[in-house]
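Below is one structure, written out as structure tokens; comments come after it.
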Number of protein chains: 6
Amino acid sequence: MHIRLINPNSTASMTNQALESALRVANAATHVSAVNPTRTPVSIEGSADEALAVPDMLSEIRKGEREGVDAYVIACFDDPGLHAAREVAKGPVIGICQAAVQVAMTISRRFSVVTTLPRSVPIIEDIVQAYGAGHHCRAVHAIDLPVLGLEEDPETAERLLVETIERAKLYDRAEAIILGCAGMSSLCDRLAKATGVPVIDGVTAALKIAEALVGAGYVTSKVNAYDFPRQKGPAPADVDLPLIAANS
Amino acid sequence: MHIRLINPNSTASMTNQALESALRVANAATHVSAVNPTRTPVSIEGSADEALAVPDMLSEIRKGEREGVDAYVIACFDDPGLHAAREVAKGPVIGICQAAVQVAMTISRRFSVVTTLPRSVPIIEDIVQAYGAGHHCRAVHAIDLPVLGLEEDPETAERLLVETIERAKLYDRAEAIILGCAGMSSLCDRLAKATGVPVIDGVTAALKIAEALVGAGYVTSKVNAYDFPRQKGPAPADVDLPLIAANS
Amino acid sequence: MHIRLINPNSTASMTNQALESALRVANAATHVSAVNPTRTPVSIEGSADEALAVPDMLSEIRKGEREGVDAYVIACFDDPGLHAAREVAKGPVIGICQAAVQVAMTISRRFSVVTTLPRSVPIIEDIVQAYGAGHHCRAVHAIDLPVLGLEEDPETAERLLVETIERAKLYDRAEAIILGCAGMSSLCDRLAKATGVPVIDGVTAALKIAEALVGAGYVTSKVNAYDFPRQKGPAPADVDLPLIAANS
Amino acid sequence: MHIRLINPNSTASMTNQALESALRVANAATHVSAVNPTRTPVSIEGSADEALAVPDMLSEIRKGEREGVDAYVIACFDDPGLHAAREVAKGPVIGICQAAVQVAMTISRRFSVVTTLPRSVPIIEDIVQAYGAGHHCRAVHAIDLPVLGLEEDPETAERLLVETIERAKLYDRAEAIILGCAGMSSLCDRLAKATGVPVIDGVTAALKIAEALVGAGYVTSKVNAYDFPRQKGPAPADVDLPLIAANS
Amino acid sequence: MHIRLINPNSTASMTNQALESALRVANAATHVSAVNPTRTPVSIEGSADEALAVPDMLSEIRKGEREGVDAYVIACFDDPGLHAAREVAKGPVIGICQAAVQVAMTISRRFSVVTTLPRSVPIIEDIVQAYGAGHHCRAVHAIDLPVLGLEEDPETAERLLVETIERAKLYDRAEAIILGCAGMSSLCDRLAKATGVPVIDGVTAALKIAEALVGAGYVTSKVNAYDFPRQKGPAPADVDLPLIAANS
Amino acid sequence: MHIRLINPNSTASMTNQALESALRVANAATHVSAVNPTRTPVSIEGSADEALAVPDMLSEIRKGEREGVDAYVIACFDDPGLHAAREVAKGPVIGICQAAVQVAMTISRRFSVVTTLPRSVPIIEDIVQAYGAGHHCRAVHAIDLPVLGLEEDPETAERLLVETIERAKLYDRAEAIILGCAGMSSLCDRLAKATGVPVIDGVTAALKIAEALVGAGYVTSKVNAYDFPRQKGPAPADVDLPLIAANS
């Protein structure tokens with residue numbers, strides 16, 4: 001089976017890191033490939049960054065469909081364009097936040113999330129809520145470091161993450177920790193060891209769930225919401241207005 | 001004050017219809033303009049269509065910011081890119097679904113939504129839920145006509161809408177009806193008259209709420225989530241992989 | 001259009017303050033009037049105070065209906081008698097809490113509320129929840145000052161409000177603040193300036209939303225729940241018991 | 001112990017009916033009395049009726065406090081003024097809707113409510129939701145008969161109730177039925193017999209729960225929300241405006 | 001009427017304590033008996049302990065049914081096997097957590113729970129949520145003492161409980177406290193006196209609610225979910241596999 | 001890796017069926033074994049059946065731990081004893097309902113469940129709600145056939161299932177169907193083919209998710225709730241009461 005990781009941002013080192021995390025756990029029989037668009041933001045920090053990344057991400061999925069890819073992992077914790085991607089793909093599309101949440105709800109009763117920037121906190125809270133895990137998620141914490149700061153200053157990143165996880169254990173009574181950014185993937189094992197609490201990296205979780213779904217023969221339902229987008233003709237040319245201004 | 005309607009799809013006749021709806025209710029002192037991107041899908045039917053429309057919609061907002069626009073209305077009922085738009089804009093950005101829901105929750109205790117295609121039903125249910133109106137929304141119904149069918153066959157559209165609204169009155173005990181597509185805007189008054197129940201067009205609702213917010217001096221909070229997107233440099237060039245394939 | 005503010009308590013200086021806040025933002029073409037009953041509690045601090053104020057408030061609405069008032073603003077943050085008022089009125093009736101919450105959900109992703117007395121905290125939490133904003137509201141805080149204390153000791157009130165808002169910014173990561181008492185209305189701009197976070201006064205918000213709804217032609221739905229109260233005859237006189245005592 | 005039923009409407013025959021229902025189940029040692037205000041609506045059909053009934057209902061509670069009443073039952077299914085009454089009373093105040101819901105959640109997993117008028121359906125749905133039973137309540141049905149119609153045409157009422165309960169059994173798979181109006185109290189046993197499903201009358205339920213709470217020594221918490229209303233002086237006389245009109 | 005307390009664990013001193021709490025408040029006409037299985041865990045600390053206790057607890061209910069017991073109280077705060085017990089019993093089965101929550105929602109607007117071990121916190125949160133009280137419950141706190149520690153070191157237990165309740169009053173603004181363990185029952189009055197906040201012991205609450213339900217004639221609904229378990233024959237003997245191992 | 005299916009009921013043919021379903025999708029490297037206790041009910045139809053099955057199911061897990069089993073699948077759709085099993089096991093324990101729900105939320109936006117007996121409907125609704133999928137689950141339907149009826153009359157079972165799934169497609173607009181009973185496992189592919197909608201069998205889903213979690217190295221968190229049960233000594237022998245009766 002062929003699973004493709006798509007890092008929606010254009011920072012190839014993050015794509016590489018995600019690929020490495022995936023390869024560490026992939027089955028021998030699984031072919032894993034990883035791509036990133038080249039014109040999207042260098043990191044996804046907020047909803048506008050997400051929006052700018054999604055069309056090129058969908059192009060990657062269309063490309064993957066032509067190549068016979070069996071399932072996709074969207075390697076960005078905000079799960080940008082997840083519903084859209086599922087409309088475009090035939091096989092399963094796994095978001096790393098949703099995958100991590102599903103794992104956390106299976107191996108613990110309460111978890112917390114640790115992410116990079118405070119501005120991502122409400123975004124993550126909203127998708128965790130939409131995935132039905134609002135009751136099980138104690139808190140979403142931010143270490144207040146930009147996404148690329150994880151690569152630029154890994155020592156500071158690791159120190160801040162350990163401190164935040166320790167606080168989440170103590171004050172949230174978190175029983176598992178979800179890493180709220182694909183760029184934290186390579187720190188996962190070290191953080192688990194340092195803190196003694198299960199730490200869940202979404203890339204790892206998503207890759208294994210993708211394998212599971214393909215292995216069981218599940219594909220994205222094409223009944224109703226996730227059906228392929230309808231092919232539509234060009235816009236009716238009856239009017240012509242790049243900018244319509246009125247009553248001024 | 002200057003309010004700009006942005007129709008995220010590229011069908012100018014729909015932009016025109018939205019503008020007409022807005023002008024019918026705008027204050028004399030309000031300058032209303034309307035635009036649509038030209039490269040986006042001709043209609044928004046599902047999450048993939050949404051995703052393809054948002055970046056150009058954000059460009060329109062950036063253009064509006066340079067022109068001193070005070071507030072924006074996103075004239076598509078799925079409220080595509082609403083959070084992203086709010087990060088980019090200084091003034092308020094109003095989604096027509098959220099606006100219609102807020103009006104419905106003010107003038108009734110229970111409402112139903114009538115939209116075009118069945119595939120949009122879960123999308124609308126999800127945003128209605130996210131806006132906190134899940135408990136107040138009796139149901140989202142679809143007349144099973146494509147968005148552009150509203151313009152191509154207005155008689156059928158109107159007939160199906162009247163029938164669906166009558167059923168919602170009877171079986172849902174809906175006290176107000178929200179039109180779940182910007183392209184139904186021009187039918188609003190006729191539907192209200194035909195069915196005797198308040199019918200809410202999101203474009204109208206959003207325009208008036210935009211006026212209200214600008215009039216009161218409210219702008220989008222730039223504290224945390226809706227702060228402007230951070231300017232980021234180019235991606236680190238340390239790696240170079242359009243397609244990384246491994247363990248295959 | 002004629003919009004009437006009704007301050008449900010009998011403290012005319014608070015009515016005046018609300019009127020001033022409304023006039024600061026009202027459209028030139030809007031006629032704003034303000035009234036308060038004279039026999040109701042001097043301030044609304046809890047559910048019993050609310051209950052005692054509502055019948056006279058409904059009388060004011062009946063009076064307004066005879067005078068052709070187009071919409072009403074209930075200028076008390078607990079939104080007392082909001083559903084009842086909507087049954088009585090033909091035009092829209094806006095509660096200042098619901099209006100403030102709708103604005104907050106439009107210009108921010110997370111907000112906190114700051115009110116006067118701790119006893120009002122659960123009351124406000126419950127209506128915020130009923131308005132569907134429980135997920136978006138970080139916390140409701142009390143400065144522990146009676147309502148009339150806002151007028152009697154404005155320096156202390158302002159100091160306590162600034163301190164509480166600063167804490168809400170820091171610990172709640174609140175992106176907007178709602179003032180949880182009509183009596184705080186006049187402090188709104190000073191608080192926003194002092195703290196750098198958008199501060200929403202419900203009176204202002206409600207007035208503008210009332211204008212918006214009237215401007216769009218929306219009236220309260222008379223289908224089902226908000227229909228006018230049925231006129232009923234006198235009670236059946238078949239029994240006669242001011243106090244029935246039994247089995248004692 | 002002395003438990004007082006307060007029927008908030010002014011129809012003494014309904015007060016009598018409630019008293020009879022209570023006496024059928026009261027412990028021998030319980031003194032039950034029943035009162036109704038004389039100036040309130042003859043029936044409670046909607047939120048405005050509720051609002052008009054509550055102040056006089058609170059007066060009855062104040063009177064009861066002077067007489068040493070131990071607990072109160074509010075004998076109207078909308079539980080009007082329940083929070084207010086709890087602020088005024090020292091002992092427990094039981095709403096018949098909340099009591100019926102608590103019984104239903106104890107003896108069944110899913111229940112439905114059958115009430116009189118359709119306009120009460122959203123009101124009941126909202127309080128059932130606020131009591132935390134939204135998930136357990138299959139539906140609220142209305143037989144479309146005014147409250148006093150229960151007394152005026154008991155045969156029709158009983159027939160409509162049996163039909164509605166049978167449908168709730170079949171289509172809702174309701175495991176218990178709550179009678180959504182105090183005026184249905186006397187029909188409870190006949191309906192249970194006719195339909196073979198447990199039927200819960202709120203008056204009965206509330207009386208027994210009131211006995212239970214008094215018997216265990218529970219009183220209403222006076223910590224925070226339900227504390228007695230603060231005694232406040234007259235309104236500050238610094239302004240004088242029965243009707244303030246401005247900018248017109 | 002005959003009400004039987006069943007302590008699911010095998011520690012008879014706890015059974016005795018529960019019986020004493022019940023007898024303090026039982027009506028003179030109520031026959032209260034108390035039992036505990038003898039092979040179950042000595043205390044219920046977590047879901048596995050619960051599971052091991054339930055079958056013998058159900059046997060006690062079957063025994064009670066043969067003896068004509070009218071209602072049962074499950075005297076363990078996790079309400080283990082509550083749904084199962086209701087399937088087996090004809091009369092009402094009351095869980096002490098559910099009973100305490102119902103009382104707390106009647107005499108206060110917000111409550112907190114104080115239990116023994118941290119591992120029980122998510123269990124209690126989950127059932128409080130399932131009972132519909134998630135919104136009304138401020139927090140579940142643990143004093144970090146094993147269940148039997150309550151008996152072994154009552155001074156420490158009482159000191160920790162007082163401290164925790166004081167914190168809940170101050171920081172949660174809890175208006176009532178629920179004791180989250182049957183073994184705290186005998187401390188209830190002392191804790192209430194020491195802290196000045198209503199303290200609810202579930203055993204007491206459940207006994208009184210059981211009396212109330214029996215007194216009103218309510219029995220467990222046998223329509224659908226709580227119907228008696230179907231008598232089933234032995235397993236089909238067509239296969240025979242204590243351990244099936246395959247593809248290894 | 002070694003994954004063990006535990007069928008909590010004692011019907012070996014159902015264990016066999018589950019094993020076959022698992023083997024059809026298991027990775028070549030996965031050792032799958034299947035067991036069932038011999039003294040538990042022949043089928044799980046309701047909460048009492050569940051309760052009686054769990055202790056022996058936990059014994060099977062303890063046995064599995066000694067044999068080095070890596071993960072467990074509980075092959076009964078009510079997920080009986082899931083939390084308890086996770087306390088006892090070191091590796092992941094997967095419930096087939098939770099697994100099916102997670103798959104359904106990944107490949108569709110809305111799903112329905114089809115189970116055997118009506119009495120299981122509220123049980124399944126409650127766990128689906130607890131897993132956070134209440135919003136995504138359209139309905140739980142029952143074909144009104146006992147669990148063992150699936151084996152005794154497979155033609156009728158299949159016909160009823162096809163009819164119910166067709167109705168769920170039409171009226172619920174279900175985009176995926178979950179089979180709500182382990183005993184339907186072998187029908188999964190035929191049902192999907194007959195109805196054209198993805199049909200999810202929980203045994204298959206759970207086996208693959210178990211493989212995924214073990215493959216990624218996830219184990220059950222032993223921090224707090226799912227920690228191993230504490231070893232406790234015998235009960236204090238200070239009292240001796242098989243049956244305490246008092247005040248009678």
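Note that the structure is a prediction, hence the values are computed from the model and not measured. Letters A, B, ... are given to chains in the order of the sequence lines, protein chains preceding strands, and every chain is numbered from 1.
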Next on the checklist: For the CZ atom on F:Phe228, are there more than 12 heavy atoms of other groups (residues, nucleotides or ligands in this structure) within a distance under 6.0 Å?
Outcome noted: yes
Checklist entry - Which atoms form the tightest heavy-atom contact between A:Val223 and F:Gly196, and what is the distance? => result CG2-O, 3.8 Å
Checklist entry - What is the minimum heavy-atom distance between F:Lys208 and A:Ala212, and which atoms define it? => result O-CB, 3.4 Å
Item to check | Donor-acceptor contact present, side-chain A:Glu175 to main-chain F:Ala225, <3.5 Å | outcome: yes
Checklist entry - F:Thr204, F:Thr106, F:Thr220: which one forms the most heavy-atom pairs within less than 4.5 Å of chain A? => result F:Thr106
Checklist outcome for this item: In this structure, CZ of F:Arg173 is separated from CG of A:Asn224 (nearest 0.5 Å) by 6.0 Å
Checklist entry - Is it the case that more than 12 heavy atoms not belonging to A:Arg159 sit under 6.0 Å from its CZ atom? => result yes
Side-chain atoms of residues 89-105 of chain A: list all donor-acceptor pairs with protein atoms under 3.5 Å, sequence neighbours left out, distances to 0.1 Å.
residue  : atom : partner  : partner atom : Å
A:Gln98  : OE1  : A:Arg86  : NH2          : 2.8
A:Gln98  : NE2  : F:Met105 : O            : 3.3
A:Gln102 : NE2  : F:Gln102 : O            : 3.2

Checklist entry - Atom OG1 of F:Thr30 and atom CG of A:Asn27: how far apart are they, to the nearest 0.5 Å? => result 7.5 Å
Checklist entry - Between F:Glu211, F:His136, F:Lys169, which residue shows the highest count of heavy-atom pairs closer than 4.5 Å to chain A? => result F:His136
Item to check | Engaged part of A:Asp227 at the chain F interface, taking heavy atoms whose separation is under 4.5 Å | outcome: neither
Checklist entry - Of the backbone (N, CA, C, O) and the side chain (C-beta and beyond), which part of A:Ile200 lies under 4.5 Å from a heavy atom of chain F, both, or neither? => result both
Checklist entry - Can you say whether F:Ala210 sits under 4.5 Å from chain A via the side chain, the backbone, both, or neither, judging by heavy atoms? => result neither
Checklist entry - At a heavy-atom separation under 4.5 Å, does F:Leu82 approach chain A through its side chain, its backbone, both, or neither? => result neither
Checklist outcome for this item: Between the OH atom in A:Tyr131 and the NE2 atom in F:His135, the distance rounded to the nearest 0.5 Å is 13.0 Å
Next on the checklist: For F:Ala176, is there any backbone N or O sitting under 3.5 Å from a side-chain donor or acceptor partner on A:Ser221?
Outcome noted: no
Checklist outcome for this item: Under 4.5 Å to a heavy atom of chain F? For A:Ala205 that would be both
